[in-house]
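Structure, as structure tokens:
Predicted model, so just to flag it, every value in this text is computed and none were measured. Each chain gets a letter, A, B and so on, in the order its sequence line appears, and its residues count up from 1.
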Protein chains: 2
Amino acid sequence: MRHTAVLALGGNALTPPDQDGAWERQRANAVPLARAAAALLRAGWRVAISHGNGPQVGALALQQEEAGSGVAAQPLFAVGAMTQGQIGSLLALALDEVCGGGVSVVSVVTHVVVADAPGGAMPTKPIGPFYPRERALELAGERGWAVVDDAGRGWRRVVASPEPLDIVEAGAVRDLVEGGHLVIACGGGGIPVTRREGRLEGVEAVVDKDLAAWRLAVELEAGVLALVTGVDCVCLDHGTPGQRAITEMSVAESDELARAGHFPPGSMGPKVAAARRFVRDGGELAVITSAEHVLEAVEGRHGTRIVAGTGTATASA
Amino acid sequence: MRHTAVLALGGNALTPPDQDGAWERQRANAVPLARAAAALLRAGWRVAISHGNGPQVGALALQQEEAGSGVAAQPLFAVGAMTQGQIGSLLALALDEVCGGGVSVVSVVTHVVVADAPGGAMPTKPIGPFYPRERALELAGERGWAVVDDAGRGWRRVVASPEPLDIVEAGAVRDLVEGGHLVIACGGGGIPVTRREGRLEGVEAVVDKDLAAWRLAVELEAGVLALVTGVDCVCLDHGTPGQRAITEMSVAESDELARAGHFPPGSMGPKVAAARRFVRDGGELAVITSAEHVLEAVEGRHGTRIVAGTGTATASA
């Protein structure tokens, strides 16, 4: 399915740090994301979408913990499943609107098999609201959270984020994409599960959605993986006077720049890693860009392209 | 797709009134339901499953309302969407276990178009926990809920429950069922939406899952609709010394008995209504039975059969 594009959308694009996650706000924020997918469809691409859920899973986990009514709080992977329903519905409604109702959009509840780490993996994935340092440390004490300073924007809870190995519903998603449906899958990185004695068991974690999108793109044998973010392209020395935009980089170059610390974890790091893995696994093109420029980026006229071959001199495919 | 069976499972079967909805309990309660579907699959049926969400959507709505952290509570239809992710995942994991991993199970986030009632429909659908009468009236005052005595089992919040007219994702579900996937759809009756000026808008309601299963069965041109409940068959004068089991009834008979008040709203009423509508719309057989007896009931050896034709003397198809 070479003419298939997988889009990875951020949960922060639906709920930025300065918003409280009201449904109507998220719905409005979904429109530019839906337009990106619609532009690809109009240009003849088959499209599958994955999305993040950091703010949403954090909010819902908080609501579960704080309720006083004696109804049982659900485990983190089940809360992740809830956000697949919530955001999957919201994106489907936005896509229906933007595509004028003429496209079959379908959100699939998706499980992702992750490596089984006895005792749990290191907490690295920030979820939920931002707190002042003092409040974050207080919550860490009260609730047993791990907390970190998230890229200087404030303190957040962090949870384990194991590697995605396999997508349980890959066959169904593939059939739907081949059948011409626009599919939303691997929401929030997928519901993390591991197989123990023949039984799929939930794992208390949130998988990185860019890495889940990489797995999805590989499973679908997609031609393009587009990692959508708040900026138009990847920059070196981002936010400094010496900032330079990267138009194209090879797998080897991206690897080198990553090792030199150019792509911070939790923001550009996983996007570049997902792009690199996709191209290394035989994908034709990975692009990192903003929602506004997805079609141009997929067509090689915008964003940052990660390609096979030897470097920035690589011609467009 | 004559050899397709649609199963409607109750949300109460996962969380009975005396349980608090802990995930592991719901997961354990899902096993007999999953076994019913697995038995049909082994007998050569294609299967689609819909499920209720009364306890789950009520619990989650409470958790949303009661949280004190300043994250926005989501509207009821979005909370319904969340329960599709939660229960869709839980049932998929139980089915994977029971079917030994050899079956492709997929949960689809499903929207159901409902009639647009200006000012909202009458609240008739009980959701969430049971309360003593005094506490229910207190909550009604505090939170603007409508509350009712739910079949003598306690007081509950009730919400609007409009008629399902159309399933937005019907084409995708049909493609999946035809492709041999076991599909979970229309969870919690489907996410209720209405089309206004070309845009699908959420409706503050919970659709009856038995009626949604009827729509799903019609859309799939299923041969059988099986409405799974806590009892083995429909009874007249249920719970009295004169109680009689119904083995078979025609559409006309079921209509007559319903009008005579034999099937209470919120329990057997919607099941018999869904069964009657399915057969009236050309469905071959509708059965009402317990999870243990689904295959036997579908094969005409158990439960209550609602059939076309003239009455209890109707031979098995």
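Side-chain atoms of Gln56(A) and Gln86(A) form no donor-acceptor pair, as typed in the model, at a separation below 3.5 Å.
Residue contact with chain A, scored on non-hydrogen atoms closer than 4.5 Å, involves the side chain of Val193(B) exclusively. In this structure, the portion of Arg27(B) lying under 4.5 Å from any heavy atom of chain A is its side chain and not its backbone. For Thr83(B), no part lies near chain A; criterion is any non-hydrogen pair under 4.5 Å. Looking at Leu200(B), the atoms closer than 4.5 Å to chain A (heavy atoms on both sides) sit in the backbone and in the side chain alike. Residue Gln19(B) does not touch chain A at all, counting heavy-atom pairs closer than 4.5 Å. Interface residue Gln64(B): backbone and side-chain heavy atoms are both found under 4.5 Å from chain A. Contact of Leu60(B) with chain A is made through the side chain alone, with heavy-atom distances under 4.5 Å.
A donor-acceptor contact shorter than 3.5 Å links the side chain of Glu204(B) to the backbone of Leu76(B). Checking side-chain atoms of Arg35(A) against main-chain N and O of Val98(A) turns up no donor-acceptor pair under 3.5 Å. Side-chain N or O atoms of Ser161(A) include one that pairs as donor or acceptor with a backbone N or O of Val206(A) at under 3.5 Å. At least one donor-acceptor pair closer than 3.5 Å links the side chain of Gln26(A) to the backbone N or O of Gly21(A). With hydrogens and angles ignored, the 3.5 Å screen pairs no side-chain donor or acceptor of Asp96(B) with any backbone N or O of Ala92(B).
With respect to chain B, the highest number of heavy-atom pairs below 4.5 Å among Ala78(A), Ser104(A), Pro75(A), Gly179(A) belongs to Pro75(A). The candidate from Glu169(B), Glu201(B), Gln84(B) with the greatest count of non-hydrogen atom pairs under 4.5 Å with chain A is Glu169(B). When the candidates Gly198(B), Ala170(B), Ala81(B) are compared by the number of heavy-atom contacts under 4.5 Å with chain A, Ala81(B) comes out ahead. Contacts with chain B were tallied for Gly171(A), Gly85(A), Gly88(A); Gly85(A) has the most, counting heavy-atom pairs under 4.5 Å.
For residues 106-113 of chain A, heavy-atom neighbours of chain B at less than 4.5 Å comprise Val106(A), Ser107(A), Val108(A), Val109(A), His111(A), sorted by residue number.
In this structure, Arg174(A) and Glu221(A) have side chains that are in contact, with non-hydrogen atoms separated by less than 4.5 Å. Considering only heavy atoms from C-beta on, Leu33(B) comes within 4.5 Å of Leu14(B) through its side chain. Two residues are said to be in side-chain contact when any heavy atoms from C-beta on lie closer than 4.5 Å; Asn29(A) and Thr15(A) fail this criterion.
Pairs of residues two or more places apart, or lying in two chains, that qualify as salt bridge (charged side-chain N to carboxylate O under 4.0 Å, His left out) and include a residue from residues 137-148 of chain B are Glu65(B)-Arg143(B), Glu66(B)-Arg143(B), Arg135(B)-Glu138(B), Arg135(B)-Glu142(B).
Taking the six-membered ring where tryptophan is involved, the planes of Trp145(B) and Tyr131(B) are tilted, since the angle between them lies from 30° to 60°.
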